[in-house]
Amino acid sequence: MNAAARRNHENHENHKNRENRKRPRSWKSHVLGAAVVAALLASTACEPGAAEGSDDARSSDRPSGTNSAKPGDGSGDTGASEDNGGNGDSGTIAACTADELAVSAAKEPADSKDARHLLITVQNAGDEKCNVYHYPYVLIGDAQAPTPVIEDSSPDPGKPMTIAPGEEAHAALLVAGGARDEYEANSITLTLHGSKLGTKADERLDVPMPVDTLYADDGQLVTYWTTASGSALDFIMSK
């Protein structure tokens, strides 16, 4: 090969080398780069704080519906025994005793001459609520047996009558019912009923006499305790 031809051949080879250097890397380089990017993306998705986890993180800042308090759940006060106008669950209320009761008797009507109808009243002179049960055992004068009770006069059968300090309970007493065996009486005594029907509690109470002498007979009757004096009197005033 002569010198001119050799120079042309060298120039051609140099040109090819320059062109090869300008060409992009082979497809293998592109594949490798894509694989690296995919691996990085997969790694990022598994890490805490990824897009899917971030929603959970944001939601955890909101109050949970299952843990939120409801009005009245366990916050109310249930309170103690009920008291419905003097009648109610006795709960832990103690029975009234003679020492904490003030007792009186009044003619009905007040201007009555014969004193056949009396209203017996006990007032709670203590510092706590107390219960009177059923009806009072009443003895008029020298009677050997207590005055019979009007069975249907109970305002709430089986329930005690609760009286707060200063409050009163009443029982109406028919001294004479127009029957036989009239006798004179100069005293009235009262014994409180026990919580169980037919039992007695505490000592006798002397009831102040509204008149000097009563004229009683074997038609005498007494009502159950009530806080409504008028209701008690209704059972005897027609007799």
J.: Restricting to non-hydrogen atoms, name the atom on H134 and the atom on G194 that form the minimum distance, rounded to 0.1 Å.
T.: CD2-O, 3.3 Å
J.: Search all heavy atoms of A176 against all heavy atoms of Y215 and return the closest pair with its distance.
T.: CB-O, 3.4 Å
J.: After noting the C-alpha distance and the side-chain angles of T147 and Q220, does the key distance pass the side-chain hydrogen bond (donor to acceptor under 3.5 Å, both in side chains) rule?
T.: CA-CA 6 Å; T147 301; Q220 61 191 254; 2.7 Å; yes
J.: So which heavy atom on G126 is nearest to which on P165, and how close?
T.: O-CB, 3.4 Å
J.: What's the separation between atom CE in M237 and atom NE2 in H117, rounded to the nearest 0.5 Å?
T.: 5.0 Å
J.: Using the rule that Ile, Leu, Val, Met, Phe, Trp and Tyr join whenever any side-chain heavy atoms are under 4.5 Å apart, tell me whether W225 and V103 fall into a single cluster.
T.: yes
J.: For the pair D181 (side chain) and D218 (backbone), establish whether a donor and an acceptor sit closer than 3.5 Å, ignoring hydrogens and angles.
T.: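 Pair absent, no side-chain N/O of D181 close to backbone of D218.
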J.: Under 3.5 Å, is there a donor on one side chain and an acceptor on the other for T213 and E184?
T.: no
J.: Can you name the one residue among T223, V222, I120 that meets side chain to side chain contact (heavy atoms under 4.5 Å, CB included) with P136?
T.: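 When T223, V222, I120 are each tested with P136, the side chain to side chain contact (heavy atoms under 4.5 Å, CB included) holds only for V222.
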J.: Going by atom types only, do D206 and T189 share a side-chain donor-acceptor pair under 3.5 Å?
T.: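 There is no such pair (donor and acceptor under 3.5 Å, judged by atom type) between the side chains of D206 and T189.
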J.: Just wondering, more than 12 heavy atoms not from E182 lying within 6.0 Å of its CD?
T.: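 Count over threshold, so yes.
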J.: Where is the tightest heavy-atom contact between C130 and A95, given as atom of each residue plus distance?
T.: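 Scanning both residues, the minimum pair turns out to be CB-C, 4.1 Å.
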J.: Once you round to the nearest 0.5 Å, how far does CG of L101 lie from CG of N124?
T.: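 Here the interatomic distance stands at 6.5 Å.
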J.: When you compare the side chains of S154 and D156, does any donor N or O come within less than 3.5 Å of an acceptor on the partner?
T.: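 Absent: no donor and acceptor within the cut-off.
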J.: Can you tell me how the ring of Y135 sits relative to the ring of H193, calling it parallel under 30°, perpendicular over 60° and tilted otherwise?
T.: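 Perpendicular: the ring planes of Y135 and H193 meet at over 60°.
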J.: Kindly work out whether a path of hydrophobic side-chain contacts (I/L/V/M/F/W/Y, heavy atoms less than 4.5 Å apart) joins V211 to L119.
T.: no
J.: Looking at CD of E108 and CG of L174, how far apart are the two atoms once the value is rounded to the nearest 0.5 Å?
T.: 13.0 Å
J.: Can you confirm whether more than 12 heavy atoms, excluding those of D212, are under 6.0 Å from its CG atom?
T.: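 It does not: D212 CG has 12 such atoms or fewer within range.
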J.: CD1 of I140 to CG of L118: how many Å apart, nearest 0.5 Å?
T.: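 Between atom CD1 of I140 and atom CG of L118 there are 7.5 Å.
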J.: Please name the pair of heavy atoms, one in A185 and one in M209, separated by the smallest distance, quoted to 0.1 Å.
T.: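 Of all heavy-atom pairs spanning A185 and M209, the closest is O-CE, 3.7 Å.
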J.: Could you state the interatomic distance from CG (L192) to CZ (R204), rounded to the nearest 0.5 Å?
T.: 12.5 Å
J.: Side-chain contact test, heavy atoms from C-beta onward, threshold under 4.5 Å: evaluate it for V122 versus E100 and give yes or no.
T.: no
J.: Any link between L139 and L190 through a network of hydrophobic side chains (Ile, Leu, Val, Met, Phe, Trp, Tyr) touching at under 4.5 Å?
T.: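 No: no chain of side-chain contacts under 4.5 Å links L139 to L190.
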J.: If we count only N and O atoms by modelled type, under 3.5 Å, do the side chains of T226 and H170 hold a donor and an acceptor together?
T.: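 Looking only at side-chain atoms, H170 and T226 do not form any donor-acceptor pair under 3.5 Å.
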J.: Could you go step by step and tell me if M161 and T227 meet the side-chain contact (heavy atoms from CB on, under 4.5 Å) rule?
T.: CA-CA 8 Å; M161 191 64 53; T227 55; 3.6 Å; yes
J.: Do E168 and I163 come close enough that some side-chain heavy atom pair is under 4.5 Å?
T.: no
J.: Group every Ile, Leu, Val, Met, Phe, Trp and Tyr by side-chain heavy-atom contacts under 4.5 Å, then state whether I150 and L197 land in the same group.
T.: no
J.: Looking only at heavy atoms, which two atoms of P208 and A105 are closest? And how far apart?
T.: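 Looking at all heavy atoms of both residues, the shortest contact is O-CB, 3.7 Å.
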J.: Heavy-atom count check: over 12 atoms from other residues, nucleotides or ligands less than 6.0 Å from D234 CG?
T.: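 Yes, because the 6.0 Å sphere around CG of D234 holds more than 12 heavy atoms from other groups.
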J.: Is the closest side-chain heavy-atom distance between T121 and S229 below 4.5 Å?
T.: no
J.: If hydrophobic clusters are built from ILVMFWY residues whose side chains come within less than 4.5 Å, do V207 and Y224 share one?
T.: yes
J.: To the nearest 0.5 Å, tell me how far T162 OG1 sits from K129 NZ.
T.: 7.0 Å
J.: Can you check whether C96's main-chain N or O pairs, donor with acceptor, with N131's side chain at less than 3.5 Å?
T.: no
J.: Identify which one of L221, V175, L173 satisfies the side chain to side chain contact (heavy atoms under 4.5 Å, CB included) criterion when paired with V138.
T.: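 That would be L173.
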